[in-house]
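Down below is the structure, laid out as structure tokens.
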Amino acid sequence: MQPLGTLMYVLYDSSTATAVSDDGSVVVGWAHVPGNDVLVAFRVDNGVFKELARPDDYPQTQAYDVMADGSMGVGVMFNENGHYGPRTT
């Protein structure tokens with residue numbers, strides 16, 4: 001097991017990796033932001049951690065899967081009303 005990236009430990013208190021590309025270079029999942037109890041989708045590409053962009057009215061996101069070649073991921077986003085929509089990265 002290897003850490004997903006140093007930024008992860010600065011901004012987030014826990015994370016879940018949900019999928020890995022076939023060659024292992026891309027990992028997607030979500031991380032918990034301490035203090036405001038939200039989850040944010042992330043992508044780690046060759047060791048570089050990136051929180052995935054989201055619309056302002058959807059503060060909570062989760063990435064669930066990634067294409068075999070790592071080119072695209074899929075997940076969901078939630079707002080304060082509990083609404084969600086599909087998301088691709």
Side-chain angles (χ1 to χ4, degrees):
M1 220 154 116
Q2 293 182 334
L4 294 176
T6 56
L7 185 61
M8 181 77 71
Y9 301 108
V10 176
L11 301 176
Y12 311 106
D13 63 0
S14 64
S15 61
T16 300
T18 55
V20 181
S21 63
D22 279 357
D23 68 0
S25 65
V26 176
V27 177
V28 297
W30 59 80
H32 180 259
V33 180
N36 62 4
D37 201 31
V38 299
L39 300 174
V40 294
F42 69 81
R43 173 186 177 99
V44 180
D45 196 343
N46 290 311
V48 178
F49 176 86
K50 178 182 176 187
E51 183 179 314
L52 297 178
R54 58 175 171 69
D56 288 339
D57 55 340
Y58 285 89
Q60 194 150 254
T61 57
Q62 299 172 352
Y64 286 103
D65 207 354
V66 66
M67 299 281 290
D69 65 2
S71 62
M72 187 185 317
V74 65
V76 295
M77 51 191 176
F78 302 87
N79 65 20
E80 66 278 353
N81 297 318
H83 297 114
Y84 68 93
R87 174 179 175 78
T88 58
T89 59

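Not measured: the values here are computed from a predicted model.
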Item to complete: Look only at the side chain of Arg54 and the backbone of Ala41, and say whether a donor-acceptor pair between them is shorter than 3.5 Å.
Response: no
Response to the item:
Shortest non-hydrogen pair, Arg43 vs Leu52, comes out as CB-CD2, 3.8 Å
Practice prompt. Search all heavy atoms of Phe42 against all heavy atoms of Ala31 and return the closest pair with its distance.
Written response: CD2-N, 3.8 Å
Item to complete: Identify the two heavy atoms, one from Asp65 and one from Thr18, that lie closest to each other, and give their separation to 0.1 Å.
Response: N-OG1, 4.4 Å
Item to complete: Enter the distance from Asp57:CG to Glu80:CD here, rounded to the nearest 0.5 Å.
Response: 7.5 Å
Worksheet, complete the sentence: Of all heavy-atom pairs linking Met77 and Thr61, the shortest is CB-CG2, 3.7 Å
Fill in: Straight-line distance of Asp23 CG to Asn46 CG, nearest 0.5 Å
7.5 Å
Fill in: Nearest heavy-atom neighbours spanning Ser21 and Asp69
CB-C, 4.4 Å
Fill in: Closest non-hydrogen atom pair, Tyr58 against Asn79
CD2-N, 3.7 Å
